[in-house]
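The basis for the numbers below is simple: all heavy atoms, side chains too, and nothing from hydrogens, waters or symmetry mates.
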Amino acid sequence: MKIIYGYIAKKFWGPFVFIISIFAVLIFLGDSLEKIRWINSYGTTLGLVLKYSFLTMPSWLVQILPVACLLSALFVISDMITSGEWTACLAGGFSVRQIFKPLIACIFLVAMAGFCVQEFFVPDLSKKAELTLQRKIRGKKEWYFNVQNDVTLRLDNQRVLFAKTVKADEGVMDGMFIDVYDNSWSITSQISARRFVWDENKEKWIFEDGFIRYFGKNAAVTEESFSVLDSDFTVPPDQIAVGSAKPSYLSISDLIRRIKFLKASGLTTFQEETFFHSKLAAPFATVIMCLLGMPFAIALKRSSKLLNIVAAIAIGFTFWWIVSMLTSAGESGMINPAVAGWLPVVLFAAVAYVEFKLLKI
């Protein structure tokens with residue numbers, strides 16, 4: 001049995017490497033050709049355009065892994081049926097499920113490898129691609145990732161921070177002030193500063209060049225100026241969530257930190273929680289999608305391999321369409337983010353189960 005399992009598993013890797021290589025080349029060439037207009041638009045070089053396409057390619061490959069796995073499995077099954085190996089395995093006492101096992105094991109390995117690439121490589125490469133686009137191609141030398149204008153953050157139940165510009169990567173907030181309220185939400189004081197800077201040694205934020213304004217009874221106001229003033233705000237810059245969230249930029253650990261910060265600031269986390277659950281569900285989605293499509297090769301028997309390709313594309317498109325619809329609903333808060341992330345897996349798993357029952361696999 002181990003010999004048969006090993007043989008079937010080896011048959012999977014050849015088509016998979018070929019298919020993923022073809023996808024990689026097509027993605028790289030297609031993206032490069034589409035971005036070639038940047039040479040005229042921004043006066044950039046071909047080398048920078050190719051560099052951008054190369055850096056974004058892993059993100060695209062992770063997304064098409066399910067289709068690559070499904071196509072590879074369909075090719076293996078179709079080839080075994082055409083060569084008579086499928087019939088020989090069945091005649092030797094192997095069930096269809098047993099023949100599927102080594103293929104599923106290979107698909108699971110690919111799914112986990114894709115998950116690792118998604119977590120440990122794609123975020124850094126995607127950020128480098130964006131920096132290449134903004135700073136080198138578009139010429140925005142002062143462009144930063146975690147920068148946002150007109151930011152409002154709740155520090156705790158009695159303090160609200162306002163900043164004209166937050167540059168989280170630099171650990172700087174410009175044009176900021178903090179309003180302090182009492183239990184009845186009447187303002188009692190205000191700290192205003194030209195800059196709010198993160199001090200690595202003290203591990204806290206420092207006010208620079210500002211004043212403290214105290215609000216007393218009968219509209220009485222007093223002020224005290226300062227050049228430097230320590231604060232008790234100790235959240236590190238890399239944990240401050242500003243700017244738009246993109247799945248390719250954020251790992252699961254990044255999303256956890258972002259969700260924690262946004263909740264503490266009284267802000268919604270629908271988008272971040274949807275991304276979080278979608279990333280966790282991705283490996284399972286790959287396996288389930290393949291389980292849904294593999295019986296097609298048996299049903300089609302000796303039909304053209306083109307039909308297997310069409311079936312894989314149709315299943316992949318349907319899956320991505322449902323995922324896209326549910327993700328949009330989760331990001332907007334229309335449905336629970338956990339439901340948005342995991343419902344495609346549950347739904348397609350149920351369909352695959354029914355399919356296996358109907359085909360008596």
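Side-chain contact of E130 with Y249: a donor-acceptor pair under 3.5 Å is present, judged by distance alone. Side chains of N183 and Q158: a donor on one and an acceptor on the other come within 3.5 Å. In the model, S53 has a side-chain atom that pairs as donor or acceptor with a side-chain atom of D31 under 3.5 Å. Side-chain contact, T82 with D79: no donor N or O sits under 3.5 Å from an acceptor N or O. Side-chain atoms of N149 and T165 include a donor-acceptor pair closer than 3.5 Å.
For D179 and R159, the salt-bridge test fails: no basic side-chain N is under 4.0 Å from an acidic carboxylate O. Ion pair D230/K202 flagged as a salt bridge, since at least one NZ, NE, NH1 or NH2 atom sits closer than 4.0 Å to an Asp/Glu carboxylate oxygen.
One distance of note links CZ of F100 with SG of C290; it measures 11.0 Å at 0.5 Å rounding. Taking CZ of R258 as the reference point, atom OG of S253 lies at 13.0 Å (rounded to 0.5 Å). With values rounded to the nearest 0.5 angstrom, L133 atom CG is found 12.0 Å from K51 atom NZ. Taking CG of L131 as the reference point, atom NZ of K140 lies at 12.5 Å (rounded to 0.5 Å). In this structure, CG in L255 is found 9.5 Å from CD in Q271, a value given to the nearest 0.5 Å. The line from CZ of F94 to CG of L90 is 10.0 Å long, rounded to the nearest 0.5 Å.
Looking at every heavy atom in both residues, S278 comes nearest to G341 through OG-CA, 3.9 Å. When all heavy atoms are compared, the tightest approach of Y214 to S189 is CD2-CB, 4.0 Å. Nearest heavy atom pair, residue V151 against residue L153, reads CG1-CG, 3.7 Å. Minimum heavy-atom separation, V49 to S32: CG1-O, 4.0 Å. Counting all heavy atoms, side chain and backbone alike, A329 lies closest to S332 at O-OG, 3.0 Å. Nearest heavy atoms, E331 versus F270: O-CB, 3.3 Å.
Under a hydrophobic clustering in which Ile, Leu, Val, Met, Phe, Trp and Tyr are joined whenever their side-chain heavy atoms come within less than 4.5 Å, directly or via other members, Y353 and F108 fall into different clusters. Residues F115 and V117 do not share a hydrophobic cluster, clusters being chains of Ile/Leu/Val/Met/Phe/Trp/Tyr side chains in contact below 4.5 Å. L125 and L250 fall into different hydrophobic clusters, defined by Ile, Leu, Val, Met, Phe, Trp and Tyr side-chain heavy atoms under 4.5 Å apart, directly or through other members. Residues F284 and V346 do not share a hydrophobic cluster, defined by chaining ILVMFWY side chains whose heavy atoms lie under 4.5 Å apart. Under the 4.5 Å side-chain heavy-atom criterion for grouping Ile, Leu, Val, Met, Phe, Trp and Tyr, W320 is connected to L61 within one hydrophobic cluster.
In the displayed structure, E203 atom CD is contacted under 6.0 Å by at most 12 heavy atoms of other residues, nucleotides or ligands. Residue K136 qualifies as open at atom NZ: its count of foreign heavy atoms under 6.0 Å is 12 or below. Sparse packing is recorded around CH2 of W321, with 12 or fewer heavy atoms of other residues, nucleotides or ligands lying under 6.0 Å away. More than 12 heavy atoms of other residues, nucleotides or ligands sit less than 6.0 Å from atom CZ of F28.
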List the steps and the verdict of side chain to side chain contact (heavy atoms under 4.5 Å, CB included) for E273 and I259. CA-CA 7 Å; E273 290 190 60; I259 291 169; 3.7 Å; yes

Step by step, work out the side chain to side chain contact (heavy atoms under 4.5 Å, CB included) result for Q148 and K167. CA-CA 7 Å; Q148 186 169 325; K167 302 175 182 177; over 6 Å; no

List the steps, then state whether side chain to side chain contact (heavy atoms under 4.5 Å, CB included) holds for M80 with C89. CA-CA 9 Å; M80 290 182 68; C89 286; 4.0 Å; yes

Please assess E34 against R37 for the test side chain to side chain contact (heavy atoms under 4.5 Å, CB included), listing each intermediate value before the final yes or no. CA-CA 7 Å; E34 196 274 330; R37 55 186 173 82; 3.2 Å; yes

Test log, rule side chain to side chain donor-acceptor pair (under 3.5 Å), inputs E85 and Y7: CA-CA 11 Å; E85 292 174 331; Y7 175 75; 2.4 Å; yes

Could you walk me through whether F23 and W60 pass the ring pair (Phe, Tyr, Trp, His ring centres under 6.0 Å) test, one step at a time? CA-CA 9 Å; F23 277 142; W60 288 106; over 10 Å; no

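Taking 4.5 Å as the limit, every side-chain heavy atom of T45 sits out of range of all side-chain heavy atoms of I39. Taking the side chain as every heavy atom from C-beta outward, Q98 and I4 never approach each other to under 4.5 Å. Residues F16 and V110 are in side-chain contact: their nearest non-hydrogen atoms beyond the backbone lie under 4.5 Å apart. Looking at heavy atoms from C-beta onward, W38 lies out of side-chain contact with L48 at the 4.5 angstrom threshold. Counting heavy atoms from C-beta on, the side chains of M173 and W205 come closer than 4.5 Å. Under the 4.5 Å side-chain criterion, counting only non-hydrogen atoms from C-beta, L103 is in contact with I77. Between R195 and V172, some side-chain heavy-atom pair lies under the 4.5 Å cut-off. Residues T274 and F276 form no side-chain contact, since every pair of their non-hydrogen atoms from C-beta on lies 4.5 Å or further apart.
Side chain of K279 to main chain of P247: a donor-acceptor pair is present (N/O by atom type, distance under 3.5 Å, no hydrogens or angles). Here the side chain of E208 pairs no donor or acceptor atom with the backbone of F196 at under 3.5 angstrom. When atom types are taken as modelled, the side chain of S126 and the backbone of V122 share a donor-acceptor pair closer than 3.5 angstrom.
Between F207 and F226, the ring planes are perpendicular. Angles over 60° get that label, and only those under 30° would be called parallel. Relative ring orientation between F348 and F319 is described as perpendicular, the plane-to-plane angle rising above 60° on a 0-90° scale split at 30° and 60°.
Using a 4.5 Å cut-off between side-chain heavy atoms of Ile, Leu, Val, Met, Phe, Trp and Tyr, V221 falls into a hydrophobic cluster with V160, F162, F177, Y181, W185, I187, F215.
Taking K10 as the reference, nothing meets the salt bridge (Lys or Arg N to Asp or Glu O under 4.0 Å) condition, with sequence neighbours excluded.
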